[in-house]
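Note that the structure is predicted; figures quoted are calculated from it, not measured. Start at 1 with the first residue, then count along the sequence.
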Amino acid sequence: MTLTSRAELGPRLAALAADPQGARDLRHAWREHLRARHTYGHRLAFIREKIGA
């Protein structure tokens, strides 16, 4: 989910509140994304790439 303005936040939250299963699915997808792509190994690789190591 990407928001392009503050004005989008209220309607998005309302939509999630109205769709508990959709909210659970999104929460699960975020959790899996974070587990797969936001590890210390990934961070170190990013830093090494940026400093040319």
Side-chain angles (χ1 to χ4, degrees):
M1 175 190 313
T2 302
L3 301 175
T4 58
S5 72
R6 287 184 183 185
E8 291 181 46
L9 182 58
R12 293 284 181 103
L13 291 176
L16 290 171
D19 181 11
Q21 183 61 48
R24 280 190 293 276
D25 293 345
L26 182 59
R27 195 167 46 244
H28 176 74
W30 280 342
R31 187 178 301 121
E32 292 305 311
H33 172 81
L34 291 172
R35 283 183 182 154
R37 294 180 181 86
H38 294 271
T39 65
Y40 286 111
H42 285 99
R43 290 177 186 149
L44 288 172
F46 176 80
I47 292 168
R48 286 183 182 139
E49 178 185 319
K50 294 300 177 186
I51 64 173

Inset, instruction - Mind checking salt bridge (Lys or Arg N to Asp or Glu O under 4.0 Å) for Arg35 and listing every partner two or more places apart, or none if nothing turns up? - result: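 Arg35 satisfies salt bridge (Lys or Arg N to Asp or Glu O under 4.0 Å) with Glu32 once adjacent residues are dropped.
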Inset, instruction - Please name all residues satisfying side chain to side chain contact (heavy atoms under 4.5 Å, CB included) with Leu16, sequence neighbours left out, ordered by chain then number. - result: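 With sequence neighbours excluded, Leu16 shows a side chain to side chain contact (heavy atoms under 4.5 Å, CB included) to Met1, Ala23, Leu26, given in chain and number order.
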N/O donor-acceptor pairs under 3.5 Å from side chains in residues 44-53, not counting sequence neighbours:
none

Inset, instruction - Answer yes or no: are there more than 12 heavy-atom neighbours, outside Arg6 itself, under 6.0 Å from its atom CZ? - result: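 At most 12 heavy atoms, drawn from other residues, nucleotides or ligands, come within 6.0 Å of this atom.
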Inset, instruction - Kindly indicate whether the side chain of Thr39, heavy atoms from C-beta on, has any atom under 4.5 Å from the side chain of His42. - result: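 Yes. Closest side-chain heavy atoms under 4.5 Å.
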Inset, instruction - Sort and list the pairs that fulfil salt bridge (Lys or Arg N to Asp or Glu O under 4.0 Å) and have at least one residue in residues 7-18, not counting sequence neighbours. - result: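 Only Glu8-Arg12 qualify under salt bridge (Lys or Arg N to Asp or Glu O under 4.0 Å).
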Legend entry - Residue pairs fulfilling side chain to side chain donor-acceptor pair (under 3.5 Å) with at least one residue in residues 15-25, sequence neighbours excluded: Gln21-Arg24, Gln21-Asp25
Legend entry - ring pair (Phe, Tyr, Trp, His ring centres under 6.0 Å) contacts touching residues 12-34 (sequence neighbours left out): His33-His38
